[in-house]
Amino acid sequence: MPSDQRRPFVIAGPCSAETEEQVMTTARQLAQKGCHMFRAGVWKPRTKPGGFEGHGEPALQWLKQVKEETGMLVTTEVATPEHVELALKYGIDILWVGARTSANPFAMQALADSLRGVDIPVFVKNPVNPDLELWIGALERINGAGIKKLAAIHRGFSSYDKTIYRNLPMWQIPIELRRRIPDLAIICDPSHIGGRRDLIAPLCQQAMDLGADGLIVESHCDPDKAWSDAKQQVTPDVLDYILSLLVIRDDTVTTEGITQLRKQIDELDNQVMDILAKRMRVCREIGQYKKEHNMTVLQAQRYNEILDKRGAQGSLCGMDSEFVKKIYEAIHEESVRQQIEIINK
């Protein structure tokens, strides 16, 4: 799995380090496929107690053995200063911080303090909840401890609603992270986003299409017998096949060919802003009318009518109806804000 024009850099390995045999078998198979970075969870606190929660320090010895035998770099998750101390003791090359830890500023600061003066790459997964500021804050705490080799891992976001994904990708969040911190590497975790092995391939391709710098994929020598997250792991052979099918886009191609089209987009955006400004002006006039006639700002029936009508109209125009509804929800929120200002003057 070399990093070349056809493939991204990939970190691969099982969800959990279960046994020495399982770790070494998987590592040897991945090394034969050209993998250079091996991952395995040593500490595995689960959502509910009672499941396999990792072997801890003994498993670090297995990762050390992987490194010595295959030459691969090894990485594992750390959640406490004690984890960091042990990982460094056993020569772990890269540390990653999990989603539950990155959501906790206290835990992140404790990790940052334990890393002060250490020169090691640290990857930070997005928090469980879709909060970009919390994600950036976690990265800043690690960077503030003097860690310069930082990367973000996009593993998706929890949702109460049942969807095809284990964790919603919410691609707009890593895209905004890239806009805010252009030099930060972003690695996609299709295993945790999808939660199913059949979703790994399309998620890998989508990540590449959106400019992800690499992938971290769970791979197990016998996925069906895995002690944790069996449904989202693939064999090294399957992973190699998935990677062989990836289309890696060239992000260095000149943009001269689309310059005129982008000018059209800019002109249309200007028109959209002009129309929105006119719409808000009418909304303010409506707000003044409501004030004079002692009417409530929110007219639920009218709001529902707008959402349904524009959603259907958007669908007829080739757009997703839910996308159009979200736009009008945002427009309505701003309209309500402006009308409340008028009524309370």
Side-chain angles (χ1 to χ4, degrees), residues 1 7-48 50-56 58-60 62-63 65-67 69-70 72-77 94 96 98-99 123 125 153-156 158 162-167 169 187-208 212 214-246:
M1 302 167 196
R7 297 191 180 190
F9 87 81
V10 177
I11 305 166
C15 172
S16 303
E18 301 163 1
T19 67
E20 181 179 352
E21 180 183 5
Q22 169 251 6
V23 168
M24 296 309 301
T25 299
T26 305
R28 290 176 186 127
Q29 292 178 5
L30 287 168
Q32 288 173 359
K33 300 296 181 183
C35 184
H36 299 297
M37 287 175 275
F38 183 81
R39 57 140 292 154
V42 169
W43 296 280
K44 299 296 297 183
R46 313 308 293 170
T47 301
K48 292 183 178 180
F52 174 63
E53 297 196 340
H55 292 294
L60 291 171
W62 306 337
L63 294 186
Q65 187 178 337
V66 167
K67 181 177 177 179
E69 181 179 320
T70 69
M72 287 192 287
L73 300 178
V74 292
T75 177
T76 197
E77 178 180 352
I94 302 166
W96 90 75
F123 300 163
K125 288 195 173 187
I153 298 178
H154 171 222
R155 51 80 77 188
S158 293
K162 295 296 182 183
T163 71
I164 187 175
Y165 300 110
R166 175 180 177 180
N167 295 299
I187 302 164
C188 182
D189 180 350
S191 303
H192 280 89
I193 292 175
R196 289 170 20 195
R197 60 188 63 138
D198 62 304
L199 293 176
I200 290 176
L203 284 166
C204 285
Q205 184 61 63
Q206 192 164 5
M208 293 299 98
L215 301 166
I216 179 168
V217 187
E218 291 188 345
S219 181
H220 191 293
C221 57
D222 192 354
D224 290 330
K225 295 181 181 178
W227 296 3
S228 59
D229 290 346
K231 294 181 180 179
Q232 67 189 41
Q233 301 190 65
V234 294
T235 65
D237 280 340
V238 169
L239 177 57
D240 186 56
Y241 179 68
I242 289 172
L243 297 177
S244 72
L245 297 178
L246 285 181

Decide yes or no for K225 and Q22: does some side-chain heavy atom of the first lie under 4.5 Å from some side-chain heavy atom of the second?
no
Without swapping roles, check the side chain of Q232 against the backbone of I193 for a donor-acceptor pair under 3.5 Å.
no
With distance as the sole test, does S16 use its side chain to make a donor-acceptor pair with the main-chain N or O of E18 at under 3.5 Å?
no
Looking only at heavy atoms, the pair that brings L203 and P190 closest together is CD1-O, 3.6 Å
Salt-bridge test for R39 and E218: reply yes if a basic N is under 4.0 Å from a carboxylate O, no otherwise.
yes
What heavy-atom pair brings A17 and H55 nearest, and what distance separates the two atoms?
O-CD2, 3.3 Å
Side chains of E20 and Q65, heavy atoms from C-beta outward: is any pair under 4.5 Å?
yes
Provide the closest heavy-atom pair for R197 versus D224 in the form atom of the first, atom of the second, distance.
NH1-OD1, 3.0 Å
Pairwise distance CE(M24) to SG(C221) - rounded to 0.5 angstrom:
11.5 Å
Looking only at heavy atoms, the pair that brings L30 and P236 closest together is CD2-CB, 3.7 Å
Less than 4.5 Å apart, any side-chain heavy atom of T235 and any of Y241?
no
Side-chain donor or acceptor of H154 paired with backbone N/O of P169 under 3.5 Å
yes
So, the side chain of T76 versus the backbone of A40: is there a donor-acceptor pair under 3.5 Å, distance only?
yes
Is there a side-chain contact between L215 and L243, using heavy atoms and a 4.5 Å cut-off?
yes
Is the shortest side-chain heavy-atom distance between T26 and F38 below 4.5 Å?
yes
If you compare all heavy atoms of H192 against all heavy atoms of D189, which two are closest, and at what distance to 0.1 Å?
ND1-OD2, 2.8 Å
So do D237 and D240 actually touch side chain to side chain, heavy atoms under 4.5 Å?
no
Would you please test D229 and K44 for salt bridge (charged side-chain N to carboxylate O under 4.0 Å, His left out) and show each step?
CA-CA 11 Å; D229 290 346; K44 299 296 297 183; 5.4 Å; no
Is there a side-chain contact between I94 and M37 in this structure, where contact means two heavy atoms from C-beta onward sitting under 4.5 Å apart?
yes
Look up atom NE2 in H220 and atom SG in C15, then write down how far apart they are to the nearest 0.5 Å.
9.0 Å
Correct closest heavy-atom pair for M208 and G214 would be CE-O, 4.3 Å
Any heavy-atom pair between the side chains of I216 and F123 that's under 4.5 Å?
no
